Asks: 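Below is one structure. I have some questions about it.
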2 protein chains.
Amino acid sequence: MAKPIPTIKEIARKLNVSASTVSRALHDHPRIGLKTKERVKKLAGELGYEPNSQAIFFKQQKTFVIGVILPSIREEFFSQAISGIEAVTTQSDYTILFAQSYDDYKREVIVAETMKRQRVDGLIISLSKETTKLQHLEAFKEMNIPVVYFDRVPAGDACHKVSCNMKTGTVEMIHWLFSEGLKRIAIINGPKALFASKERLAGYMEGMQQHKLKVDMQLVEETDFSEDSTYKAVSNLLSLKKLPQAIISFNDYVHMDAVKAALKKKVKVNRDLLFVSYSNLNITGYTSYPPAASIEQYPYEQGKMAAEILFQLLNNKQNTDQSYIRQQLIPKLVLH
Amino acid sequence: MAKPIPTIKEIARKLNVSASTVSRALHDHPRIGLKTKERVKKLAGELGYEPNSQAIFFKQQKTFVIGVILPSIREEFFSQAISGIEAVTTQSDYTILFAQSYDDYKREVIVAETMKRQRVDGLIISLSKETTKLQHLEAFKEMNIPVVYFDRVPAGDACHKVSCNMKTGTVEMIHWLFSEGLKRIAIINGPKALFASKERLAGYMEGMQQHKLKVDMQLVEETDFSEDSTYKAVSNLLSLKKLPQAIISFNDYVHMDAVKAALKKKVKVNRDLLFVSYSNLNITGYTSYPPAASIEQYPYEQGKMAAEILFQLLNNKQNTDQSYIRQQLIPKLVLH
DNA sequence: AAAATATGCGCAAACGTTAGCGCAAAATAT
DNA sequence: ATATTTTGCGCTAACGTTTGCGCATATTTT
């Protein structure tokens, strides 16, 4: 019943040869005779032999597995990103050990440790929004396991990372809004701690200043991404004496909640008040009020690039070159 | 520079004790003296020792990894399902080896083989829509690796599976449509090969017959899930002499494309023609024309149940009981 | 015919960890 | 004081695979 999983040893025993001969025969080693090779391969086929990667990788101190930690796969942004990663790993016969942090720092630490124990060959991670300390990830460096961050990346320079330059993107957005004649531009930003929020804010400031528009901090709101929090932000903006003419939402999800809130307040969306956003997700195409413009952040490409950088690091094991790779994608403003 | 990854051996050497003592000390084995335990744990902490799961699992012939193969994580249904799976695996210190088939049979075969080589302890899979042969998965059984199917399950009885009873759900849907006074009910079904399509069709037939509505096969269309294909299906339905009063779409994605098509044809969606669907995804809440009713298929719960069944099988390794576990969830009709 | 080379295969060690067994010394019971 | 138990630890083998080395036998070159 519980048929034993066929091993090289078993094949060797049945064929009265040594395990090394079987191993070499299966790998077409030149020093093994043709007849022996055939006998081995035939039996291996019949038995349905599958090499035990666990054993091989254990011996080689390599797993051919890379860890991927994302905040939440339910977000289209991340599900596209992981597909980009997968596109690269598949080509190199790597597999993905997957976990979500659910934007929970503690969980991120736990799953990171699990992956460390599993001896992933490398790690690709997009940080949880709570994450400020990086010890759990520094530990990978000490074990010589390369880590590549993407999208939600740490601020410092001492890491490999891929991200979109949201500052540039935001400046471009402001340009466009200005060219449409809109001057009172509000922004619903993410939590201040997020690097992504800082970038957006910096871009907002710069864009406004480039057009000699004075920055009114009443127009800068914040959301923790919950629907309630976004609702509050919209309420605040709509209760200003001088109403904003445009609202930039942190991403398409915030955008959708913001529109929902505005509709409740009887705002004529995209007529009285223009809504624009980041991410450019497919789903907004199905909604009643897609953003008038959205900044494409290329999640698939970001994932792909992160994976490519990781493989570059894996193949440069000698690590002669200690510099850090930092790639920035130029986001694109997409008009709808 | 390339600091060696700390091992038990290294700790043993530095402390002048044997490797077995270190191993036992770290596991709080009663036969190890208190002082020794402390010395070992202290050094292990300083060195940042992490047990090498690869080695342990190799020895134990167990990986504490389960494979998960899904058609596409971009679909909210599957991203919810994997979260359900993860909720269970986390509790048991298992990790997820993840891959997508992209609804491509060949890819499904390839990733299944990779997982076999990686010696996953078990596999959870939702079949690609192209999959009709199951040899690549039968191979797992021969290696005594349990396989649990969910949602897109094989038709036969000889497997463990979790799914929603879409026949019941469809009958219920017809009941409701009938109670709303609608009698000419069309359905845009999925590819005939899919078990899910067969179930829906069976439910459709039964529902119609229960209300003495004659089944007009002109009202039964089919889509391969591409936007074009769905567009064609809608066109066909709208060119019938007697127009349908309601359209049941295979899922919410088909529904959204169907609505898009209908709008192009100047149909007053949900007024002249009622659109209903399956899946009850969150995103439809943000769309202009959410389905008037949708059948909740509990993806999170399906994933969770599949994982629970898998663990049940893993813990019953003796496999005394050779029966197959088949769970059916009762779908719920949600009105919008 | 002897020497050099090529061919075909086995032996043994190694990767990191665990667990059964055994052995000495210390502690307890007789 | 002797017998028994307990405590603390080391030795060894094992998991499946790969690989350097070595040893025959077979083939080719002088």
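Computation of the quantities below employed the complete heavy-atom set of this structure, encompassing side-chain atoms and omitting hydrogens, waters and symmetry-equivalent molecules. Keep in mind it's a predicted model, so treat the numbers as computed, not measured. Throughout, a chain's letter reflects where its sequence line sits, starting with A, and its residues are numbered from 1.
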Asks: Note the angle between the end axes of the helix from C/dA1-D/dT30 to C/dT30-D/dA1, five pairs defining each, rounded to 10 degrees.
Replies: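 The angle, to the nearest 10 degrees, is 50°.
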Asks: If you assign B/Q61 and B/K37 each to the DNA chain D nucleotide with the nearest heavy atom, which residue ends up on the more 5' nucleotide?
Replies: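 By nearest-heavy-atom nucleotide position, the 5'-most residue is B/K37.
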Asks: Using centres under 5.5 Å plus planes under 30 degrees as the test, is B/F58 stacked with C/dT17?
Replies: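 No; by the centre-distance and plane-angle rule, B/F58 does not count as stacking on C/dT17.
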Asks: List the steps, then state whether salt bridge (Lys or Arg N to Asp or Glu O under 4.0 Å) holds for B/E38 with B/K35.
Replies: CA-CA 5 Å; B/E38 278 170 359; B/K35 291 166 302 179; over 6 Å; no
Asks: In whole Å, what is the span from the CZ atom of B/F57 to the P atom of D/dG16?
Replies: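 Whole-Å distance recorded here is 17 Å.
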Asks: Where do N or O atoms of nucleotides 17-21 of chain D meet protein N or O atoms at under 3.5 Å, pair by pair?
Replies:
{"from": "D/dT17", "atom 1": "OP1", "to": "A/Y49", "atom 2": "OH", "distance (Å)": "2.5"}
{"from": "D/dT17", "atom 1": "OP1", "to": "A/N52", "atom 2": "N", "distance (Å)": "3.4"}
{"from": "D/dT17", "atom 1": "OP2", "to": "A/I8", "atom 2": "N", "distance (Å)": "2.6"}
{"from": "D/dT18", "atom 1": "OP1", "to": "A/H27", "atom 2": "NE2", "distance (Å)": "3.3"}
{"from": "D/dT18", "atom 1": "OP2", "to": "A/S23", "atom 2": "OG", "distance (Å)": "2.7"}
{"from": "D/dT18", "atom 1": "O2", "to": "A/K59", "atom 2": "NZ", "distance (Å)": "3.2"}
{"from": "D/dG20", "atom 1": "O6", "to": "A/R24", "atom 2": "NH1", "distance (Å)": "3.4"}
{"from": "D/dG20", "atom 1": "O6", "to": "A/R24", "atom 2": "NH2", "distance (Å)": "2.7"}

Asks: Atom CG of A/L47 and atom P of D/dG16: how far apart are they, to the nearest Å?
Replies: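 Those two atoms, CG and P, are 14 Å apart.
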Asks: Separation of B/K62 atom NZ from D/dG16 atom P, in whole Å?
Replies: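 After rounding, the gap between these two atoms is 16 Å.
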Asks: Would you give the length of the straight line joining atom CD of B/Q61 to atom CD of A/Q54, rounded to the nearest 0.5 angstrom?
Replies: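 Output value for this atom pair is 9.0 Å.
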Asks: Is the shortest side-chain N to carboxylate O distance from A/K133 to A/E138 below 4.0 Å?
Replies: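 Answer for the salt bridge query: no.
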Asks: Using a strict cut-off of less than 4.0 Å between a Lys/Arg side-chain nitrogen and an Asp/Glu carboxylate oxygen, indicate whether A/E46 and A/K42 qualify as a salt bridge.
Replies: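 Salt bridge between A/E46 and A/K42, a charged N being under 4.0 Å from a carboxylate O: yes.
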Asks: Do NZ/NE/NH1/NH2 and the carboxylate oxygens of A/K129 and A/D104 come within less than 4.0 Å?
Replies: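 A/D104 and A/K129: not salt-bridged.
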Asks: Does NZ or CZ of B/K62 lie under 6.0 Å from the centre of the six-membered ring of B/F64, at an angle within 45° of the ring axis?
Replies: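 Yes, a cation-pi geometry holds between B/K62 and B/F64.
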Asks: Could you check, using the six-membered ring where one of them is a Trp, whether B/Y94 and B/F311 have ring centers closer than 6.0 angstrom?
Replies: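 Yes.
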Asks: For a quick test of reading the model: is some side-chain N or O of A/Q54 closer than 4.0 Å to OP1 or OP2 of D/dG16?
Replies: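 No, because none of the side-chain N or O atoms of A/Q54 sits under 4.0 Å from OP1 or OP2 of D/dG16.
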Asks: Quick check: on DNA chain D, is the nucleotide nearest B/H29 upstream (toward 5') of the one nearest A/R31, or the reverse? Name the residue that is more 5'.
Replies: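 Comparing both residues, the 5'-ward one is B/H29.
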Asks: If you compare all heavy atoms of A/I125 against all heavy atoms of A/V147, which two are closest, and at what distance to 0.1 Å?
Replies: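 Nearest pair, atom of A/I125 first, then A/V147: CG2-CG1, 4.1 Å.
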Asks: Please report, rounded to the nearest Å, how far the P atom of D/dG16 is from the CE atom of B/M143.
Replies: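 Going from B/M143 (CE) to D/dG16 (P), I get 11 Å.
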Asks: Under the 3.5 angstrom rule, does the side chain of B/H29 hit a backbone N or O of B/R31 as a donor-acceptor pair?
Replies: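 Yes; at least one donor-acceptor contact below 3.5 Å.
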